[in-house]
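Protein chains get the first letters and strands the later ones, always in sequence-line order, with residue 1 at the start of each. Note that these values count all heavy atoms, side chains included, but never hydrogens, waters or copies made by symmetry. This is a predicted model, so every value here is computed, not measured.
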Number of protein chains: 2
Amino acid sequence: MTSNSKHRPVETVDTAFEIIDVLKRKDGAGITEIADELGLAKSTVHRHVKTLEERGLLLQEEHNYRISTWFLDYGVYVRNRHPLFDVVKPKVDELAAETDEKVWCVIEEHGMGVHIYGAEGRHSVKTHARIGKRTPLHQFAAGKAILAHLPDERVDEILTEYGLAAKTSQTITDREELNDRLEGIRERGYAFNHEESVRGVHAVGAPIRDQSGTAIGAISVAGPANRLRDTALAEELPTLLLGATNEVEINLAHS
Amino acid sequence: MTSNSKHRPVETVDTAFEIIDVLKRKDGAGITEIADELGLAKSTVHRHVKTLEERGLLLQEEHNYRISTWFLDYGVYVRNRHPLFDVVKPKVDELAAETDEKVWCVIEEHGMGVHIYGAEGRHSVKTHARIGKRTPLHQFAAGKAILAHLPDERVDEILTEYGLAAKTSQTITDREELNDRLEGIRERGYAFNHEESVRGVHAVGAPIRDQSGTAIGAISVAGPANRLRDTALAEELPTLLLGATNEVEINLAHS
DNA sequence: TACCGCGTTCGAACTACGGGAACAACACTT
DNA sequence: AAGTGTTGTTCCCGTAGTTCGAACGCGGTA
């Protein structure tokens, strides 16, 4: 799968989704606003919007169009059909209850980490993560756990495509350093996140691997830096986490 | 908003979403399969699919294309931005804990009921409902509660568009009968569902109204018919439910 | 080895997409 | 009350872009 865009895309479909993206970015907009934003004629935008609205994908109220919940239907369908979901959900709930922290399950898709399920512990930190959120893999514990267990050429592809953008001052932005960390993760079996994605938040992440050893996802536990440190971060949480991912891998093999 | 399709839709956008629909309906498919299903040329489908894949909306594995989690991102974004969501979520959780039953929040969109949030009680029944699920309003308690508090002309529009399809033998399929029931719901303040959507399942649903009195959504409690009967169904649950919707309406007015 | 089945590429034809201008409906100013 | 600015909407025309069919490459299988 080379990323050469050799074929000619269907431009009309692209503009349709660009309109949808504008509506998402702006929390809804009018015809003229969309047209200006995208440099299209009002009539063009109007026809697109009406087409999408007729399909139920958009909602109109006065001079404002918004994205509808059809996307929720498609999205939840996709998530529930994912082979990991049924197996991982109870374990994530369990971990959240045991640790009292925020627990996430993340999968890899198109080289990005996607949060497909999260559970609240009693003392969960509030971050901007939410179901469906896409995050560059190098920026967080679950992502690095996945990255450490993908084929080298795949890692190369991903990193050359997306680069190593910083999220906080602690984000790993050097390719060499990342490779070292990934090596450490492979030896250790799990990954840390020391304020690399959110200031004041630490996390531990462990991969979920298929029978070939390739990561198909990861589970992470995140919490405030002052609570997740010393042996809690280095021993207790990893033990719980590896127990969970191990069970998930076994259940996955027999489903 | 008449349902006259006076304008000419963008057919290319329609085919794109028809392809997506096929992929959803068939849990993934190949190029040829999609082309046969829709009566399109393979080359056409191929170009569409590659366009969507390049945007990250589809995933390819071998000769099989699937919908990606991008739709989850759009969908959850839409749900979380909905004015009801933040207010209703804690109340739904609370109701589930109090009643030990399955609790849903449903909103109306394009004349259909959409499940935007559900919480499990300890003895929750398992139905086919899931977040994002769209259901005709006349088929369940929350839907009828909404229908009973919409303007008459809106109700006419909706019923003439979708009809009164039966889900079980108890589903209301007669227009006159439905009107009587809706009248009863308005007097009583909440709606019942006696095995009208799922055999063996009863439910109570109460509307969430805006300041004009129009329903913008509803909350329902559902459980096995043998547990939800007599005073539990007729008194205790409605009391809890109306307490919750009342609080939601108040919080909604001040946000 | 020849045969399907698949996804993919290519070129040509004509459809239908996009643009611009004019229109209607409304709010706000003067 | 007339005027000026919005907005969304409709129309028609030209051509760019979509669609189709046929051909290609590549696996498997008989």
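- For the pair B:H46 and C:dT8, the criterion of a side-chain N or O lying under 4.0 Å from OP1 or OP2 is met.
- Under 4.0 Å is where a charged nitrogen must lie from a carboxylate oxygen, and between A:R55 and B:D21 at least one such pair does.
- OP1 or OP2 of D:dT19 has not a single side-chain nitrogen or oxygen of B:R47 nearer than 4.0 Å.
- D:dC11 atom P lies 10 Å from atom CZ of B:R8, rounded to whole Å.
- Annotation: A:H115 is in aromatic contact with A:F140 [ring centroid separation under 6.0 Å].
- Nearest to the side chain of B:Y65, among D:dG8, C:dT8, D:dC20, sits C:dT8.
- Residue B:D14 contributes atom CG, which lies 11 Å from atom P of D:dT19 at whole-angstrom precision.
- The side chain of B:H63 contributes no N or O atom lying less than 4.0 Å from OP1 or OP2 of D:dG28.
- If you measure from atom CG of B:L38 to atom P of D:dT18, you get 18 Å, rounded to the nearest angstrom.
- Atom CG in B:L40 sits roughly 8 Å away from atom P in D:dT19 (whole-Å rounding).
- One atom, CG of A:L58, and another, P of D:dG8, lie 14 Å apart when rounded to the nearest Å.
- Atom C1' of nucleotide D:dT10 and atom CD1 of A:I31 are separated by 13 Å, given to the nearest angstrom.
- For the pair A:E11 and A:E62, nearest-nucleotide mapping onto DNA chain D gives the more 5' position to A:E62.
- Remark: the A:K42 side chain and the C:dG20 base include no donor-acceptor N/O pair separated by less than 3.5 Å.
- Heavy atoms of A:T44 sit under 4.0 angstrom from at least one base atom.
- In summary, the aromatic rings of B:H82 and B:Y77 are positioned with their centroids too far apart to meet the 6.0 Å limit.
- At D:dT19, one or more side-chain N or O atoms of B:H48 fall inside 4.0 Å of OP1 or OP2 (strictly under the cut-off).
- In this structure the side chain of B:I20 reaches within 4.5 angstrom of the side chain of B:L52, judged on heavy atoms.
- The line from CG of A:L84 to CZ of A:R79 is 12.5 Å long, rounded to the nearest 0.5 Å.
- Regarding B:I34, its CD1 atom lies at a distance of 8 Å from the P atom of C:dG7, rounded to whole Å.
- For D:dT9, the OP1/OP2 oxygens have a side-chain nitrogen or oxygen of A:Q60 closer than 4.0 Å.
- The nearest whole Å value for the distance from the NE2 atom in B:H7 to the P atom in C:dC23 is 23 Å.
- The phosphate of C:dG20 has neither OP1 nor OP2 within less than 4.0 Å of any side-chain N or O from A:S43.
- Taking the ring centroids of A:F17 and B:F17, they lie under the 6.0 Å cut-off.
- Put simply, B:T12 has no side-chain N or O that comes within less than 4.0 Å of OP1 or OP2 on C:dA16.
- Under 4.0 Å is where a charged nitrogen must lie from a carboxylate oxygen, and between A:R175 and A:D156 at least one such pair does.
- A salt bridge between B:R134 and A:D73 is absent, with no side-chain N of the basic residue lying under 4.0 Å from a carboxylate O of the acidic one.
- Terminal axes of the helix from C:dT1-D:dA30 to C:dT30-D:dA1 (five pairs each, C1' rotation axis) are separated by 30°, to the nearest 10°.
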